[in-house]
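This report concerns only the one structure given below.
Each chain gets a letter, A, B and so on, in the order its sequence line appears, and its residues count up from 1.
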Number of protein chains: 2
Amino acid sequence: MPQPRPPLPALAAPARPLSATQVRILDLLSQAQRPLSAYDLLGKLRSEGVNAPPTVYRALERLMREGLAHRIESLNAFIACNMPHHHDLAAFAICDHCGTVAEVRDTDVEARLGHVAARSGFHVTKATVELHGHCAACSGKAHGHASARETGHTP
Amino acid sequence: MPQPRPPLPALAAPARPLSATQVRILDLLSQAQRPLSAYDLLGKLRSEGVNAPPTVYRALERLMREGLAHRIESLNAFIACNMPHHHDLAAFAICDHCGTVAEVRDTDVEARLGHVAARSGFHVTKATVELHGHCAACSGKAHGHASARETGHTP
DNA sequence: ATATCGGATGTTATATGTTATCATGCTTCT
DNA sequence: AGAAGCATGATAACATATAACATCCGATAT
Ligand SMILES: [Zn+2]
Ligand SMILES: [Zn+2]
Ligand SMILES: [Zn+2]
Ligand SMILES: [Zn+2]
């Protein structure tokens, strides 16, 4: 096999544009006030011809690879990244009352975590930081719970 | 209904002892080098008469309530707490190569997180902090992956 | 002792979340 | 046209988690 590599137009990276489904899903995530599960997404897409889980998961995979979406581990759900930045250290403040999720960044926390780990010879590649509690709006009031997951969901 | 409260022997807390199953599960978790999923546990307990998921989940619930075990959200698995202390803010360093999990505490990190949240009026009730990466032993060497989850599992 | 209550367990079935596999069609390069 | 690469579709399997209802048992209360 000759020709090790023809010039290659210009590219260098994953410049391939998002597919229709991928855009649609990112859109749904952006619209939503709260994280959506893969099934939530699937439900909303059924009417549009998407009817199998793998499609959704594949799209999510792509979006996360590109730093456009995040997975919330403690909820098994996904949100759009509000400030696409390619980072592995984002933190999330999840209100267990109203379900909203705020993406927060704090370099001090990042640094501290790095420190703590390094101190014991651990090399961090990815961190999951998820704070559960009550957001400003829900605090004070509303200590009776509505468990977030079933609030304002699927009519 | 009179008698607001008879003296009450001595108690103060949830002094009820763990059930046999609960002890057994805590034992299995302590023994294990790595987090075990609910189904891992169920597998190991089948020979002992436990044969349904709810039993396992219920026991785990109790153990976590008492601060004797933790759930690792990013793995859907559980570990014994190596220093029972009743805290909602523990951090875990998870080696994605050998699968070991170290429970680490750092009051500075805790404080920082509290700060960050408070700054935006968020009240934290529980934090999930899970660092993925490579432990000291696996670092440097072993960058070829074995994905941890399927290493040394169920022969 | 009898009634009662709460916690733990058993049993069954189901919901939710995730992945493997194979088939198909499209775009790009040769 | 043929080959390679990749996105999608479809079906099924697997993994994780909970609902609902019944039974059992030890601790209190009457
Ligand atoms: Zn982000
Ligand atoms: Zn809220
Ligand atoms: Zn602990
Ligand atoms: Zn390791």
Side-chain angles (χ1 to χ4, degrees), chain A residues 1-11 13-26 35-46 48-66 71-78 147-150 153-154, chain B residues 1-11 13-26 35-46 48-66 71-78 147-150 153-154:
Chain A
M1 67 304 259
Q3 247 89 336
R5 269 295 182 182
L8 263 189
L11 101 156
R16 201 184 300 265
L18 296 178
S19 81
T21 311
Q22 287 157 2
V23 171
R24 187 76 184 91
I25 287 187
L26 181 53
L36 297 179
S37 75
Y39 268 30
D40 290 338
L41 289 165
L42 185 54
K44 291 174 190 278
L45 290 175
R46 278 244 150 79
E48 308 174 26
V50 175
N51 37 22
T55 307
V56 175
Y57 281 102
R58 285 191 280 230
L60 287 170
E61 221 174 283
R62 170 85 191 275
L63 293 175
M64 292 194 296
R65 213 166 33 221
E66 312 260 349
R71 174 189 175 86
I72 306 294
E73 299 287 353
S74 55
L75 296 178
N76 294 335
F78 307 82
S147 154
R149 290 233 59 186
E150 48 262 60
H153 226 233
T154 334
Chain B
M1 66 304 260
Q3 246 90 334
R5 269 296 181 179
L8 262 190
L11 104 155
R16 200 185 302 263
L18 297 178
S19 82
T21 312
Q22 287 158 1
V23 171
R24 187 78 184 87
I25 287 187
L26 182 53
L36 298 179
S37 76
Y39 279 77
D40 287 341
L41 288 165
L42 184 54
K44 290 175 190 280
L45 290 176
R46 279 245 150 77
E48 308 175 26
V50 175
N51 37 24
T55 306
V56 175
Y57 281 102
R58 286 190 280 229
L60 287 170
E61 221 173 283
R62 169 84 192 277
L63 292 175
M64 292 195 297
R65 217 169 24 224
E66 311 261 350
R71 174 188 174 87
I72 306 295
E73 298 288 354
S74 57
L75 296 178
N76 294 334
F78 306 81
S147 157
R149 291 235 55 192
E150 48 262 62
H153 226 234
T154 334

Under 4.0 Å between a side-chain N or O of B:Asn76 and OP1 or OP2 of D:dA17?
yes
Could you state the CD-P distance from B:Glu48 to C:dT9, rounded to the nearest angstrom?
13 Å
Students often get this wrong, so: under 4.0 angstrom with heavy atoms, is A:Gly43 touching a base, only sugar-phosphate, or nothing?
nothing
Of B:Val50 and B:Pro53, the one whose closest DNA chain C nucleotide lies more 5'
B:Val50
Rounded to the nearest 0.5 Å, what separates atom CZ in A:Arg71 from atom CD in A:Glu61?
11.0 Å
For a quick test of reading the model: is some side-chain N or O of B:Thr21 closer than 4.0 Å to OP1 or OP2 of C:dT9?
yes
B:Leu63 CG to B:Thr21 OG1 distance, which is reported to the nearest 0.5 Å:
10.5 Å
Report the distance from atom CG of A:Leu60 to atom OH of A:Tyr57, rounding to the nearest 0.5 Å.
8.0 Å
If you check the B:Pro54 side chain, which of D:dA10, D:dA19, D:dT8 turns out closest?
D:dA19
Stacking check: are the rings of A:Tyr39 and C:dT16 less than 5.5 Å apart at their centres and under 30 degrees in tilt?
no
Below the 4.0 Å mark, does C:dA8 have OP1 or OP2 next to a side-chain nitrogen or oxygen of B:Arg62?
yes
Could you state the atom-to-atom distance from CG of B:Leu36 to P of D:dT16 in whole Å?
11 Å
Rounded to the nearest Å, what distance is computed from the CG atom of residue A:Asn51 to the P atom of nucleotide D:dA10?
5 Å
B:Ser37 side chain N/O closer than 4.0 Å to the phosphate oxygens (OP1, OP2) of D:dA15?
no
Would you mind reading off the distance between B:Leu45 atom CG and C:dG10 atom P, rounded to a whole angstrom?
10 Å
Would one find a side-chain N or O of A:Thr55 under 4.0 angstrom from OP1 or OP2 of D:dT8?
no
Euclidean distance, atom CZ of residue A:Phe78 to atom C1' of C:dT18 [Å, nearest integer]
9 Å
C:dG17 P sits how many Å from A:Arg71 CZ, rounded?
9 Å
B:Glu73 and A:Ser74: which non-hydrogen atoms are nearest, and at how many Å?
OE1-CA, 3.6 Å
Using whole Å, report how far CG of B:Leu42 lies from P of C:dG10.
11 Å
Just verifying a value: how many Å separate A:Leu45 CG and A:Asn51 CG, rounded to the nearest 0.5 Å?
10.0 Å
In this structure, how many angstroms lie between the P atom of C:dA20 and the CZ atom of A:Arg58, rounded?
11 Å
